[in-house]
Q: 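Here you go, one structure.
Because the structure is predicted, anything quoted here is derived from the model rather than measured.
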Amino acid sequence: MLEILAITTPIFLLIGAGYLAMGTRLVSREQLQGVATFVLYFALPALVIRALTQSPLDEVFQPHYLLAYGLGSLAVFAFALLLTLKLQGKPLSEGAMHALGMSASNSGFIGYPVAAMVLGASPAAVLMALNMVIENLLIIPAALILAEAGRQSGAGIVTVARKTVVRLVRNPVLVGLAAGLVLAVTETSLPGPLAQVVEMLANAAGPAALFVIGGTLFGLQVRGMVNDVGQIVVGKLILHPLAVLVLFLLMPSVDPTLLVGALLFASAPMISIYPLLGQRYGMAGVSAAALMVGTLAAFVTLSLGIWLMTLANLLPIR
């Protein structure tokens, strides 16, 4: 168990460092936003490019992983919609945000650092790239289209979808994904200096992202939102990994490394921009509180998940 804590503790110590830096006013909100911008526009795209170009494309592209993780995420997304719309009577925009919080992991800021500690940086980066395909091309667009449809009941679904696609095309991670795919398909190598820059930026992604998460959590409060926050957090940290596990077990063959990676990423809390998206649809407080509780609770659930995987002989830690 000490070996497991040795994996998860540094991750959350870095989160704590960001929280402490904000609490002691060592950094301001504006400075923290600058670090977040660096991670989003430079470090994460570089990490995706490195993941797609450091190995042959047939080793990076894992259709079984995309299918199992994607269907597992969609199953949780659909369950959340059914629960909020049909059983709880919430409006469509709110239901879509609940579904997003329960099915979209923070793959870049938390999932990757944890997976890198467990599996190594190279396989973790590949899995992160695959997860971002699912999250950025499937889960997030679906949630935004439904939320906008609920918010703009008079607008046509085609108009809403077009606006969402335009917004996503500008996503720097997707730009990095496209660039990495072009380089991988054409088997083009970056010039030495540029490759070194990509390497340096990619190495900075994990620590800087965790620091930003910690700073973001400072000042968030949970009051009067226990039911909604608890529902989203339980769905994300427990239901999502279980759904992914079931879908992987239904596959004809399971690569232990892919299974472990999928469970680690699915066990990560919700995406870091969740409060920003929730604010647009009247869920600023709930989404921010869910991010805080989910991130803190993930220390326990990730440690427990890694321990269970060692008992199942999926990991060599003892």
Q: Can S105 and E135 be counted as having a side-chain donor-acceptor contact under 3.5 angstrom?
A: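 Short answer, no.
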Q: Quick check for you: to the nearest 0.5 Å, what is the distance between L81 atom CG and L146 atom CG?
A: 6.0 Å
Q: Any side-chain to backbone donor/acceptor pair from K236 onto A266? Under 3.5 Å, distance only.
A: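 Checked: pair present.
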Q: Please examine the side chains of I306 and L264, heavy atoms only from C-beta on, and report whether any two atoms are closer than 4.5 Å.
A: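 A side-chain contact exists here, since the closest heavy-atom pair is under 4.5 Å.
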Q: Rounded to the nearest 0.5 Å, what separates atom CG in L242 from atom OG in S267?
A: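 Rounded to the nearest 0.5 Å, the CG-OG separation comes to 8.5 Å.
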Q: Can you confirm whether L183 sits close enough to L190 that some side-chain heavy atom of one is under 4.5 Å from a side-chain heavy atom of the other?
A: yes
Q: Quick one: closest heavy-atom pair of L201 and A46, and the distance?
A: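 That would be CB-CB, 3.6 Å.
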Q: My understanding is that only residues two or more places apart in sequence, or in another chain, count here; which of them pass side chain to side chain donor-acceptor pair (under 3.5 Å) with N203?
A: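 With neighbours one apart ignored, the set is R50.
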Q: Please confirm whether Y112 and F265 have ring centers closer than 6.0 angstrom.
A: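 Distance test on ring centres: not under 6.0 Å, no.
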Q: Mind checking the OG1-OH spacing from T295 to Y19? Nearest 0.5 Å is all I need.
A: 12.0 Å
Q: What do you reckon, is CE of M251 surrounded by more than 12 foreign heavy atoms closer than 6.0 Å?
A: yes
Q: Between N131 and Y69, is there a side-chain heavy-atom distance shorter than 4.5 Å?
A: yes
Q: Which atom names give the shortest non-hydrogen contact between P91 and L85, and what distance separates them?
A: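 Looking at all heavy atoms of both residues, the closest pair is O-CD2, 3.6 Å.
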Q: Which atom pair, heavy atoms only, marks the closest approach of S287 to G278?
A: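 Heavy-atom minimum between the residues: OG-CA, 3.8 Å.
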Q: How close do G72 and A243 get, counting heavy atoms only, and between which atoms?
A: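 Closest pair (atom of G72, atom of A243, distance): O-CB, 3.7 Å.
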Q: We want to know whether H240 and S73 form a side-chain donor-acceptor pair, criterion being a heavy-atom distance below 3.5 angstrom.
A: yes
Q: Within the 4.5 Å heavy-atom criterion, are H64 and L258 side-chain neighbours or not?
A: no
Q: Quick one: are V212 and Q33 in side-chain contact, heavy atoms under 4.5 Å?
A: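 In short, these two side chains do not touch, never coming nearer than 4.5 Å.
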